[in-house]
Each structure stands twice: as structure tokens, then as C-alpha cells.
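Dropping the structure in here first, questions after.
Side-chain atoms are counted along with the backbone in the values below, which use heavy atoms only and exclude waters and symmetry mates.
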Amino acid sequence: MSATLLFVLAAFSPVLIASEAHAEFRVCNGTQNLVGVAIGYRAKEGWITEGWWQVPATTCATLIEGELQSRYYYLYAEDAARGGRWTGDVNMCVAENEFKVTGVQDCFARGFQRMGFKEYDTGRQGSWMVQLSDTPGTQESHN
């Protein structure tokens with residue numbers, strides 16, 4: 001009996017180890033259009049916003065690889081074709097092209113735009129996934 005248990009553990013341990021190695025923050029685009037995504041989070045150097053990830057229709061993109069370091073993450077997204085937006089109440093800085101901005105104050109004075117990001121409380125999970133869809137009520141989950 002113990003030999004069978006060892007075999008089962010040995011057979012599944014690579015899967016368990018591999019799933020732990022894939023900790024990340026992912027965004028999945030459930031729409032039929034290209035979506036641009038920006039993320040915000042608190043880091044040692046202060047508030048950081050980064051973008052743009054271009055997420056094609058019905059695909060996913062990893063915004064943060066590895067174990068999540070913060071409890072709260074903030075997301076802003078735009079539908080490239082129809083102009084729809086996934087927004088929230090937390091104002092952060094974004095740029096027109098690829099960017100990484102430190103700080104959320106004085107966006108306009110520093111040459112950035114200010115957008116409302118939606119807050120996601122990951123509950124300190126190691127991984128998180130947000131599903132963007134055409135219908136109201138963005139879905140979220142953890143792994």
C-alpha cells in the first residue's frame with residue numbers, strides 16, 4: 001500500500017511543483033476585439049503603473065510573472081476597436097505608448113494622462129486572473 005502511495009505522490013509531484021512555479025497576475029480577453037491593458041500596484045519605490053499589454057480577442061496575457069507581492073492590484077483596459085473601457089475609482093497615471101510610471105500624483109503636470117483603475121483584492125493569493133467581457137461585471141478569480 002505504501003509503495004502505491006509513493007508512486008502516486010511521485011507521479012503528481014511534478015504537476016504540483018509546476019503549478020506553483022506559474023504564479024502570476026493574468027488578464028483574459030473574452031471579447032472579440034483587441035484590448036489594451038494597464039496595471040497598477042504598490043512597490044518598494046511607491047505606486048507603479050505599467051502598460052500597455054495588447055491582449056488579442058479570446059486570449060490571455062500575463063501582466064506579472066511569479067508570486068504576487070501585493071494584496072491589491074489595479075487594472076484599466078480599453079477596447080481598441082470600439083473604445084469601450086474597464087475602469088474603476090482609483091486614479092493612476094498612464095501614457096499613450098508603452099510606459100512604467102512611478103507615482104500617481106500630478107499625472108498631467110508630468111506629461112501623463114489620469115485614468116480610473118479598478119481595484120482587485122487578491123486576498124494575498126499567489127495568482128490572480130481577471131476575465132474581461134462585453135457584459136457588465138468583470139469576473140475575477142484566483143488559482
Side-chain angles (χ1 to χ4, degrees), residues 2 5-143:
S2 62
L5 180 60
L6 278 174
F7 173 76
V8 170
L9 288 174
F12 287 104
S13 62
V15 174
L16 296 174
I17 293 168
S19 66
E20 288 178 23
H22 285 80
E24 58 195 9
F25 191 104
R26 291 173 51 91
V27 173
C28 293
N29 177 3
T31 75
Q32 295 303 310
N33 298 314
L34 177 68
V35 173
V37 178
I39 192 168
Y41 54 91
R42 184 97 171 143
K44 290 178 185 173
E45 59 270 27
W47 288 104
I48 304 290
T49 51
E50 295 184 69
W52 295 99
W53 281 267
Q54 301 299 310
V55 186
T58 67
T59 66
C60 299
T62 300
L63 278 54
I64 296 176
E65 293 185 17
E67 196 78 16
L68 299 181
Q69 300 301 310
S70 296
R71 177 175 176 175
Y72 297 98
Y73 288 86
Y74 303 84
L75 202 69
Y76 172 83
E78 290 184 358
D79 181 317
R82 297 190 332 215
R85 295 179 179 180
W86 292 264
T87 65
D89 298 328
V90 180
N91 289 321
M92 296 186 159
C93 304
V94 300
E96 195 167 315
N97 297 312
E98 185 177 329
F99 67 92
K100 183 173 183 179
V101 176
T102 302
V104 294
Q105 301 300 322
D106 304 317
C107 296
F108 299 119
R110 296 189 296 146
F112 302 113
Q113 299 170 344
R114 187 177 70 192
M115 295 294 176
F117 283 61
K118 181 176 177 172
E119 179 180 84
Y120 290 91
D121 180 351
T122 67
R124 297 224 177 262
Q125 296 292 321
S127 292
W128 199 259
M129 192 271 293
V130 175
Q131 175 73 40
L132 301 176
S133 66
D134 288 325
T135 57
T138 301
Q139 299 172 358
E140 55 202 64
S141 67
H142 56 83
N143 296 342

Closest heavy-atom pair and its distance - V104, C107: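 Minimum heavy-atom contact is O-SG, 3.6 Å.
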Can you tell which of T122, V90, D121 makes a side-chain contact (heavy atoms from CB on, under 4.5 Å) with Y72?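 That would be D121; it is the only one of T122, V90, D121 passing the side-chain contact (heavy atoms from CB on, under 4.5 Å) with Y72.
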To the nearest 0.5 Å, tell me how far R82 CZ sits from T31 OG1.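 Here the interatomic distance stands at 7.0 Å.
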Taking everything shown except E45 itself, do over 12 heavy atoms lie less than 6.0 Å from its CD? yes
Plane angle bin for W47 and Y74 - parallel if under 30°, tilted between 30 and 60°, otherwise perpendicular: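 Perpendicular, since the angle between the ring planes exceeds 60°.
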Here the pair of heavy atoms bringing Q131 nearest to N29 is NE2-C, 4.1 Å
Closest heavy-atom contact between C93 and F99?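 Looking at all heavy atoms of both residues, the closest pair is O-CE1, 3.8 Å.
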Taking atom CG of N91 and atom CD of Q113, what is their separation to the nearest 0.5 Å? 12.5 Å
Trace of the side-chain contact (heavy atoms from CB on, under 4.5 Å) decision for V101 with R110: CA-CA 10 Å; V101 176; R110 296 189 296 146; 3.8 Å; yes
Apply the side-chain contact (heavy atoms from CB on, under 4.5 Å) test between V27 and each candidate in V35, I39, L132; give the one that qualifies. L132
Would you name the heavy atoms of G40 and T49 that are closest together and state the gap between them?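 Residues G40 and T49, closest heavy atoms: CA-CG2, 4.0 Å.
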Just wondering, do W86 and L75 contact through their side chains at under 4.5 Å, heavy atoms? no
Go through it in stages, so that I can follow the logic: the residues are V94 and W52, the test is side-chain contact (heavy atoms from CB on, under 4.5 Å), and I'd like the CA-CA distance, side-chain angles, deciding distance and then a yes or no. CA-CA 9 Å; V94 300; W52 295 99; 4.0 Å; yes
Indicate the atoms forming the closest heavy-atom contact of G116 with Y76, along with that distance.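 The answer is O-CD1, 3.4 Å.
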Atom OH in Y120, atom CD in Q125: separation rounded to 0.5 Å?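 So the gap between those two atoms works out to 16.0 Å.
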Assess whether atom CD of E65 is packed by more than 12 heavy atoms of other residues, nucleotides or ligands within 6.0 Å.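 No - once you tally the heavy atoms of other residues, nucleotides and ligands closer than 6.0 Å, there are 12 at most.
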Interatomic distance, CD1@I48 vs OG@S70, rounded to 0.5 Å, equals 10.0 Å
Are the side chains of E24 and I64 in touch, meaning some heavy atoms are under 4.5 Å apart? no
Distance, nearest 0.5 Å, that separates CZ of R85 from CD of E78: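 If we round to the nearest 0.5 Å, R85:CZ and E78:CD are 4.5 Å apart.
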Classify the ring geometry of Y73 against F25: parallel below 30°, tilted from 30° to 60°, perpendicular beyond 60°.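 Answer is tilted, since the angle falls between 30° and 60°.
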Just how far is it from atom CZ of R71 to atom CZ of R124, taken to the nearest 0.5 Å?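 Interatomic distance, R71 CZ to R124 CZ, rounded to 0.5 Å: 7.0 Å.
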